[in-house]
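Read through the structure below, which is laid out as structure tokens, and then see the notes.
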Protein chains: 2
Amino acid sequence: MAIVSYICVMSITLRRDVFQAIADPTRREIINLLSHKTLTLNGVAENFNISRPAISKHIRILSECGLVVVHQQGRERYCEARLNSLREVSEWTSQYEKFWSARLDALGDFLASGAKPRKTRKR
Amino acid sequence: MAIVSYICVMSITLRRDVFQAIADPTRREIINLLSHKTLTLNGVAENFNISRPAISKHIRILSECGLVVVHQQGRERYCEARLNSLREVSEWTSQYEKFWSARLDALGDFLASGAKPRKTRKR
DNA sequence: CCATATAGTAACCGGTTGGTTACGTTAGTC
DNA sequence: GACTAACGTAACCAACCGGTTACTATATGG
């Protein structure tokens with residue numbers, strides 16, 4: 001299904017889905033690393049047990065949704081975090097904040113069950 | 001089934017990874033629907049073009065990570081949103097808020113590239 | 001110029017995902 | 001008791017994912 005992916009003829013960014021990008025724990029860890037400092041690809045790979053090509057793939061996915069930008073410098077490629085698109089995730093989740101906010105728990109419950117199910121609802 | 005799945009002998013929750021659960025757009029849409037009102041499984045399925053068993057699977061995944069609870073009533077199963085575990089996602093992303101907060105853009109950049117790349121890196 | 005380090009790419013592999021159809025089970029309904 | 005509605009489950013399938021190894025290309029440095 002290749003849900004999202006691809007091309008974006010005119011604009012530069014956003015082919016990959018950021019939700020999918022952060023679904024993988026390794027990628028979240030990479031994001032965490034890069035959020036503290038820019039690293040070369042090997043620099044990233046040193047922090048994991050998996051092979052360098054595997055890291056390379058993760059970096060590519062991250063860069064495909066704009067979470068990381070890579071700029072080459074000689075033979076090294078520096079990976080820099082650009083976490084703006086995490087905003088999308090943040091905004092999506094914050095939409096449901098009432099569900100976990102302690103003070104608003106009751107409201108969350110109310111909203112969730114507010115419109116009552118159609119059929120014979122006994123209780 | 002499963003990468004994560006299973007058991008958790010002592011604690012009740014969290015067999016599935018919530019990040020993975022929300023990676024699928026259909027599941028996010030289901031979450032959205034259920035956040036407004038509790039629906040039966042068929043009620044959910046009516047909103048999509050995919051088959052009912054497919055919805056059933058999505059609901060199961062959602063309930064496996066606690067985002068949805070299902071309570072049976074007669075032959076109907078009501079799916080109710082329990083979005084508390086989205087807090088985990090919210091907290092993870094908010095960690096990187098500085099990257100997209102307009103006022104703190106400069107700080108974000110500074111932090112991201114703070115440790116400046118060292119040229120010749122010998123090993 | 002040649003050796004080496006950094007990194008991309010291709011081919012492959014097994015497991016997972018997201019969907020399907022077909023069927024089974026159980027609760028209402030007549 | 002028989003039919004139907006609401007659901008779960010099993011079997012299947014193609015595509016994808018995350019990993020590997022092997023190879024290639026290019027910069028750098030002696």
Side-chain angles (χ1 to χ4, degrees), chain A residues 1-6 15-31 38-65 68-80 117-122, chain B residues 1-6 15-30 38-65 68-80 117-123:
Chain A
M1 10 240 83
I3 298 170
V4 181
S5 251
Y6 316 120
R15 24 211 174 279
R16 277 265 180 182
D17 187 49
V18 62
F19 284 90
Q20 192 196 329
I22 65 171
D24 184 85
T26 301
R27 284 196 291 268
R28 287 200 300 277
E29 189 56 38
I30 291 177
I31 286 174
T38 294
L39 287 172
T40 65
L41 196 134
N42 273 348
V44 173
E46 281 169 10
N47 292 273
F48 298 89
N49 289 326
I50 61 181
S51 70
R52 187 189 46 73
I55 296 293
S56 187
K57 284 186 185 181
H58 283 307
I59 294 289
R60 186 217 281 251
I61 289 172
L62 289 172
S63 73
E64 273 176 358
C65 68
V68 161
V69 293
V70 181
H71 38 95
Q72 187 152 2
Q73 200 169 325
R75 63 184 163 185
E76 294 176 326
R77 301 199 171 202
Y78 289 93
C79 309
E80 183 182 341
R118 350 177 122 89
K119 267 259 177 102
T120 40
R121 171 94 164 144
K122 295 289 190 208
Chain B
M1 325 300 119
I3 300 181
V4 177
S5 253
Y6 343 100
R15 22 212 176 282
R16 276 263 181 183
D17 186 49
V18 64
F19 284 90
Q20 192 197 329
I22 64 171
D24 184 85
T26 301
R27 283 196 291 269
R28 288 201 298 278
E29 189 56 35
I30 292 176
T38 295
L39 288 171
T40 66
L41 197 133
N42 274 346
V44 173
E46 281 169 11
N47 292 272
F48 298 89
N49 288 327
I50 61 181
S51 70
R52 186 191 45 75
I55 296 293
S56 187
K57 285 185 185 183
H58 283 307
I59 294 289
R60 186 215 284 247
I61 288 173
L62 289 172
S63 72
E64 274 176 358
C65 69
V68 161
V69 293
V70 181
H71 37 95
Q72 187 153 3
Q73 202 167 324
R75 62 185 164 185
E76 295 178 324
R77 303 201 170 200
Y78 289 94
C79 308
E80 182 182 343
R118 296 167 55 203
K119 263 278 192 68
T120 42
R121 169 115 162 120
K122 311 257 183 188
R123 329 179 346 161

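Every heavy atom of this structure was used, including side-chain atoms; hydrogens, water molecules and symmetry mates were not. Every chain is numbered from 1 and lettered A, B, ... according to where its sequence line falls, protein lines coming before strand lines.
The only member of A:V18, A:D24, A:I30 that meets side-chain contact (heavy atoms from CB on, under 4.5 Å) when paired with A:L62 is A:I30.
A donor-acceptor pair is defined here as one N or O able to donate and one able to accept, closer than 3.5 Å; no such pair exists between the side chain of B:Q73 and the backbone of B:R75. The main-chain N or O of B:I22 is found under 3.5 Å from a side-chain atom of B:R28 such that the two form a donor-acceptor pair.
For the pair A:I30 CD1 and D:dG18 C1', the interatomic distance rounds to 12 Å; values are reported in whole Å. Atom-to-atom, CD1 of B:I61 to C1' of D:dT9 comes out at 15 Å; the value is rounded to the nearest Å. Rounding to whole angstrom units, CZ of residue A:R16 and C1' of D:dG18 are separated by 11 Å. Atom CG in B:D24 sits roughly 12 Å away from atom P in D:dC17 (whole-Å rounding). One atom, CZ of A:R28, and another, P of D:dC17, lie 16 Å apart when rounded to the nearest Å. Atoms CD1 (A:I55) and C1' (D:dT20) sit 13 Å apart, rounded to a whole Å. The separation between A:Q72 atom CD and D:dA27 atom P is 7 Å, rounded to whole Å. Whole-Å rounding puts the B:E29 CD to C:dG18 P distance at 16 Å.
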Under 3.5 Å between N/O atoms: give me all the protein pairs with nucleotides 7-11 of chain C, atom names plus distance.
from, atom 1, to, atom 2, distance (Å)
C:dA7, OP1, A:L41, N, 3.4
C:dA7, OP1, A:R77, N, 2.8
C:dA7, OP1, A:R77, O, 3.4
C:dA7, OP2, A:N42, N, 2.7
C:dA7, OP2, A:N42, ND2, 3.3
C:dA7, N7, A:R52, NH2, 3.3
C:dG8, OP2, A:S56, OG, 2.8
C:dG8, N7, A:R52, NH1, 3.1
C:dG8, O6, A:R52, NH2, 2.9
C:dT9, OP2, A:R60, NH2, 3.1

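Contact check, A:Q20 against D:dC17: a side-chain N or O comes under 4.0 Å of OP1 or OP2. Not one side-chain nitrogen or oxygen of B:R27 sits closer than 4.0 Å to the OP1 or OP2 atom of C:dT17. At the phosphate of D:dT20, OP1 or OP2 sits under 4.0 Å from a side-chain N or O atom of A:S51. Taking 4.0 angstrom as the limit, B:H58 places none of its side-chain polar atoms (N or O) nearer than this to OP1 or OP2 of C:dT17.
End-to-end axis angle for the helix from C:dC1-D:dG30 to C:dC30-D:dG1, using five pairs per end and rounding to 10°, comes out at 10°.
Atom CG of residue A:L41 and atom NE2 of residue A:H58 lie 11.0 Å apart, to the nearest 0.5 angstrom. Atom CZ in B:R27 sits 7.0 Å away from atom CD in B:Q20 (nearest 0.5 Å). Once rounded to the nearest 0.5 Å, the distance linking CD of B:E64 with CZ of B:R16 reads 5.0 Å. In this structure, SG in A:C79 is found 12.0 Å from CD1 in A:I31, a value given to the nearest 0.5 Å. Separation of atoms CG (B:N47) and CD1 (B:I55) is listed at 8.5 Å; rounding is to 0.5 Å.
Scanning all heavy atoms of the two residues, the minimum distance from A:A54 to A:I50 falls at CB-CD1, 3.9 Å.
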